[in-house]
Amino acid sequence: MKVLIGTRNPDKLAEIVRILGEIPGISWVTFRELPFPEVEEDGRTLEENAEKKARHLARLTGLATLAEDSGLEVAALGGAPGVRSARFAGEGRNFQANNEKLLALMKGEWDRRARFRAVAALALPDGRLWLREGALEGAIASEARGRGGFGYDPVFVPEGEARTLAEMAPEEKDRISHRRRALERLRPVLFALARGEPPPPGGDPGSA
Ligand code: IMP
């Protein structure tokens, strides 16, 4: 069974492939083998965007499609940047501009609680859909540290850690990440589909 990984973000793609690894009976297809267009992320929630990307690409390609939407929610900012995490400092700005904006807004703020959230969606061309969520609790650092990972990793310190995610080895981040948690919850669905067994509940046909 072929499963398309519906992201054109190379950092995310690398993490998804690393986390899911080999699943017997599944061969991953990426934008490198099957270049697909960007899907506009105009939903109000991570759930809406993950569902939209997965359904759209499954219909377009005829392949089972796994998509993911993720973001950083900062308590003192009322949950921002949230679904707008990628464009926090403006359309076309980069990770560094986003981090600088976040650190500036958080200057002098004592409540530094934050959480990464990921919603993974698996859609089949017949309209069935599974959504699974994962979160990682932590805090916003006082300055950017580390060179690993991507996005907000240099400014995010996971709960119980002193280092930022960007100071950890990729495998260390993968063990605890929001992405890992969401994808592990999707794994039983992928296993069952690959074996031709009845998949766990949640395969809502929706309005395909
Ligand atoms: P999207 O899911 O493609 O809309 O983008 C998610 C955005 O959230 C990324 O561009 C990052 O800014 C941020 N983000 C999501 N997951 C992570 C992560 O694991 N580390 C750091 N930033 C992340």
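The first residue of the sequence shown is numbered 1, and numbering continues consecutively from there. Order of listing sets the numbers, starting from 1, for every ligand and every atom in it.
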Provide, to 0.1 Å, the distance between [atom] and the closest protein heavy atom, together with that atom's residue and name.
| atom | value |
| --- | --- |
| atom 13 (C) of ligand 1 | Tyr152 CD1, 3.8 Å |
| atom 14 (N) of ligand 1 | Phe116 CE2, 4.0 Å |
| atom 5 (O) of ligand 1 | Ala86 CB, 3.8 Å |
| atom 8 (O) of ligand 1 | Ser85 CB, 3.3 Å |
| atom 16 (N) of ligand 1 | Arg179 NH2, 2.9 Å |
| atom 15 (C) of ligand 1 | Ser70 OG, 3.1 Å |
| atom 20 (N) of ligand 1 | Asp153 OD1, 2.6 Å |
| atom 4 (O) of ligand 1 | Glu41 OE1, 2.6 Å |

[X] heavy atoms, cut-off 4.0 Å: which ligand 1 atoms fall inside?
| X | answer |
| --- | --- |
| Asp69 | 1 (P), 2 (O), 4 (O) |
| Gly151 | 21 (C), 22 (N) |
| His178 | 16 (N), 17 (C), 18 (C), 19 (O) |

Ignoring hydrogens and angles, tell me if any N or O in the side chain of [X] forms a donor-acceptor pair with the backbone of [Y] under 3.5 Å.
| X | Y | result |
| --- | --- | --- |
| Arg115 | Glu73 | no |
| Lys52 | Gly43 | no |
| Thr65 | Gly6 | no |
| Tyr152 | Leu102 | no |
| Arg132 | Leu183 | no |
| Arg93 | Asn98 | no |
| Lys12 | Glu68 | yes |

Test item, Asn98 contacting ligand 1 (heavy atom, 4.0 angstrom): no
Sub-4.0 Å heavy-atom approach of Leu72 to ligand 1: no
Under-4.0 Å heavy-atom contact with ligand 1, by part of Phe156 that carries it: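 Contact part for Phe156 vs ligand 1: neither.
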Region of Phe95 that comes within reach of ligand 1 [heavy atoms, distance under 4.0 Å]: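 Within the 4.0 Å criterion, Phe95 contacts ligand 1 through side-chain atoms alone.
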Ring geometry between Phe150 and Phe95 (parallel below 30°, tilted from 30 to 60°, perpendicular above 60°): tilted
Best match, Lys12, Arg180, Lys173: closest heavy atom to atom 18 (C) of ligand 1: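 Nearest option to atom 18 (C) of ligand 1, by heavy atoms: Lys173.
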Distance (rounded to the nearest 0.5 Å) between Asn9 CG and Glu38 CD: 9.0 Å
Cluster overlap Phe191 with Ile19, hydrophobic side-chain contacts below 4.5 Å: yes
